[in-house]
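For reference, the structure is listed below as structure tokens.
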Amino acid sequence: MTVMLEIKNLHTTVGGREILNGVNLTIRAGEVHAIMGPNGSGKSTLSYVLAGRDGYTPTQGSVTFQGRDLLALDPAERAAAGIFLGFQYPVEIPGISTMNFLRTALNAVRKARGEAELSAADFLKLVREKAKTLDMDPEMLKRSVNVGFSGGEKKRNEMLQMAMLQPRLAILDETDSGLDIDALKVVSHGINALRGPERSLLMITHYQRLLDYVVPDVVHVLAKGRIVKTGGKELALELEREGYAPYVGEAA
Amino acid sequence: MSAKRRNGFQMKTMAASTTNDDKLAHYRAAFEHAQASETLWRRFVELGLPARAQEAWHYADVGAFSRESWAMAAPADGAAVRSLLSELALDPATSLVLANGRVLDDKGVGSAAAGAAALHAHSLATLNEALTPRAAVITIAAGETKTLTVASLTLPAGDGEMAHPRIAIKVAAGARADLRFIFAGSAGKRYWSNPVVDITLGEGAEARLVSMAREGEQALHTGVIAATVERRARLILTELILGGRSIRRETLVDFIGEDGAADLAGAYLGGGETRIDVRSEVSHLSPRCRSRQLYRGVLDDKAFAAFQGRVYVAPHAQGSDAAQSTRSLLLQRTAEAAAKPELEIHADDVKCSHGATVGELDPDMLFYLEARGVPPAEARSMLVKAFIGEVLETIADESLRERNIDRVGRWMTGRGEGA
Ligand SMILES: Nc1ncnc2c1ncn2[C@@H]1O[C@H](COP(=O)(O)OP(=O)(O)OP(=O)(O)O)[C@@H](O)[C@H]1O
Ligand SMILES: [Mg+2]
């Protein structure tokens with residue numbers, strides 16, 4: 001299997017503190033990886049580094065995405081290359097309708113990928129179809145991006161964006177938190193729909209439950225800024241029983 | 001009635017008038033040339049040129065009125081008028097066009113002394129009245145509805161020329177006006193445009209005004225809209241300011257009857273070394289009138305903008321309801337914005353609120369857009385349009401609204417920012 005993402009010895013300092021200190025991670029095409037770990041261990045930080053957020057430039061190490069140096073690209077170029085970050089806390093943008101946001105994003109990405117922009121009619125058809133699979137009311141798309149959306153609605157909106165952009169590597173930061181039981185099934189279904197031999201997933205989660213629906217190939221434990229344990233899907237069950245105590249000590 | 005409450009226009013300038021004499025000398029010639037009345041000249045001298053010491057002109061580029069020996073612009077060249085009209089996508093057959101202050105094709109010309117009381121106490125409006133005795137006159141009869149675009153173009157032959165376009169509008173009782181104003185001019189010339197729009201709304205009338213000022217990048221603009229609002233009449237004004245070197249837009253509203261309403265919204269964008277000075281003065285002179293003011297500024301480079309919003313509530317104007325909100329967005333730290341609300345309230349049963357903020361583009365929003373593939377410049381442009389959206393949403397006509405949103409987009413593109 002070809003390598004989708006390769007992270008080597010990644011170090012990152014945020015606000016003067018080293019948050020990631022030597023992350024190594026290889027994800028192959030078609031694989032689903034899960035990262036679990038205590039609060040504050042650096043999971044979201046890792047996702048921001050991969051998406052290219054300002055202030056999250058690595059101090060050491062390398063990230064290769066489909067053979068390219070990911071760190072040389074700006075966030076929009078990364079999105080065009082196929083990186084998608086599902087935000088732990090999706091951002092509210094007053095004054096920009098969700099529909100306009102989706103259309104601008106999709107067309108920007110298509111343009112960067114050398115594809116033609118979608119016509120208004122084709123776009124509308126596509127967005128309606130994707131919204132339906134996520135059980136989203138199309139009326140919601142007229143509202144400003146995430147403004148006044150409930151926690152669960154925001155997460156569904158993230159999944160809608162992912163479904164529209166069809167990324168190669170989706171990094172989903174706690175997409176399951178804040179979802180009710182039915183919504184979790186809908187969202188999991190949306191994630192599974194993206195799976196395929198050409199795509200990979202990196203799911204950050206605190207709960208085993210999501211992993212019942214989207215079964216991972218590999219599970220990692222991130223503690224104090226590095227990956228301290230890697231295993232199969234049974235590792236998630238073990239963590240659920242035992243907690244992080246054994247790993248937190250080890251990394252110190 | 002107006003002299004006292006208009007905070008200093010008269011009192012302070014009287015004291016300064018001796019030093020103003022020299023500065024006024026060359027205006028004397030223009031008055032004589034225009035055969036303006038001695039009464040107007042005396043009023044102009046008494047008011048004096050605007051000075052920084054006057055509250056109302058505190059942020060204005062007051063030196064501009066005497067820095068140059070402004071001469072009246074001759075009639076504009078016909079080809080230049082046609083080319084600017086086509087650039088603005090305006091049809092001269094259906095628009096009312098003023099070029100260098102003169103009404104083209106003699107459409108609706110008339111003499112028009114200042115109607116709005118506020119204009120009698122305004123020195124630049126007095127100058128306008130004296131130098132352009134023939135105004136464009138628009139009358140909308142009782143119960144009628146009229147939609148019209150008015151373009152005021154300044155196309156001087158050389159630098160240092162001025163024009164004083166004058167537009168008088170009477171919206172009779174129960175009539176409806178839907179008027180669009182465009183103020184534009186020569187790209188490279190140093191000219192001064194000093195337009196006055198004097199509008200009276202009769203009982204129960206409604207006027208929707210959309211004004212777009214996109215003067216040349218060397219231009220000085222000092223425009224006034226003065227509205228006299230009778231009982232139960234409603235004024236809805238949307239202003240867009242996006243061009244000029246030094247630009248002042250002033251809105252003066254007098255509620256002279258009960259239950260009137262005024263919704264004022266304005267968006268101003270400045271880059272380079274543009275100086276923008278937006279002022280409003282809403283006078284609640286009758287009970288139960290309602291005013292809303294919503295202003296948004298976007299400033300880049302070394303641009304400076306000030307917003308001064310004044311609300312006056314007369315002693316007997318009980319039940320007045322006035323709200324004002326102004327926000328500015330600085331695209332660079334070198335840009336600057338000032339906001340100064342002024343409330344003068346003499347009645348006790350009154351609702352009055354104001355708020356002002358200055359901020360920058362939100363980095364979280366930018367990152368969110370970029371993480372979805374929107375290139376940085378386009379992301380910034382989207383956020384600027386969203387910021388101004390609230391103002392442009394007040395334009396009822398959808399195609400006019402879209403055109404103005406596009407103008408903001410093009411303004412951003414002109415600054416090297418996205419589509
Ligand atoms: N701007 C900042 N300045 C200083 N410290 C920061 C900054 N941003 C994040 N941190 C710290 O970095 C550490 C890692 O944060 P991160 O959000 O990556 O954790 P996480 O693993 O995603 O936690 P959670 O499970 O709670 O989401 C935390 O201790 C956090 O306080
Ligand atoms: Mg986190």
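Residue numbers start from 1 in every chain, and the chains themselves are labelled A, B, ... in the order their sequence lines are given, proteins ahead of strands.
In terms of non-hydrogen atom pairs under 4.5 Å with chain B, the most contact-rich of Pro75(A), Gly52(A), Pro167(A) is Pro75(A). By number of non-hydrogen pairs under 4.5 angstrom with chain B, the leading residue of Ser97(A), Pro90(A), Ala108(A) is Ala108(A). The choice from Asn100(A), Leu106(A), Thr104(A) that makes the most heavy-atom pairs within less than 4.5 Å of chain B is Thr104(A).
Taking 4.5 Å as the heavy-atom cut-off, the residues of residues 127-166 of chain A that approach chain B are Val145(A), Asn146(A), Glu158(A), Gln161(A), Leu165(A), ordered by number. Among residues 53-70 of chain A, the residues having any heavy atom closer than 4.5 Å to a heavy atom of chain B are, in sequence order, Arg53(A).
Summarising the geometry of Ala79(A) relative to Ala371(B), their closest heavy-atom pair is CB-O, 3.4 Å, with the distance given to 0.1 Å.
Aromatic pair Tyr89(A)/Tyr368(B): centroids not less than 6.0 angstrom apart.
More than 12 heavy-atom neighbours from other residues, nucleotides or ligands sit within 6.0 angstrom of CZ on Arg180(B). Counting heavy atoms of neighbouring residues, nucleotides and ligands inside a 6.0 Å radius, atom NE2 of His189(A) does not exceed 12 of them.
Atom CE of residue Met365(B) and atom CD1 of residue Ile96(A) lie 8.5 Å apart, to the nearest 0.5 angstrom. How far CZ of Arg372(B) is from CZ of Phe84(A): 3.5 Å, rounded to the nearest 0.5 Å.
Only the backbone of Glu92(A) comes within less than 4.5 Å of a heavy atom in chain B; its side chain stays farther off. Residue Ala112(A) does not touch chain B at all, counting heavy-atom pairs closer than 4.5 Å.
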Problem set entry | Step-by-step side-chain contact (heavy atoms from CB on, under 4.5 Å) determination, Val374(B) to Phe101(A) | CA-CA 9 Å; Val374(B) 182; Phe101(A) 171 71; 5.6 Å; no
Exercise. Can you check ring pair (Phe, Tyr, Trp, His ring centres under 6.0 Å) on Phe87(A) and Phe367(B), steps first, answer last?
Worked result: CA-CA 11 Å; Phe87(A) 283 62; Phe367(B) 175 59; 5.6 Å; yes
For this session: For the pair Glu370(B) and Asp74(A), evaluate side-chain contact (heavy atoms from CB on, under 4.5 Å) and give the outcome as yes or no after the intermediate values.
Result: CA-CA 8 Å; Glu370(B) 290 175 33; Asp74(A) 74 23; 5.6 Å; no
Problem set entry | side-chain contact (heavy atoms from CB on, under 4.5 Å) assessment of Asp362(B) paired with Ile93(A) | CA-CA 9 Å; Asp362(B) 185 312; Ile93(A) 312 184; over 6 Å; no
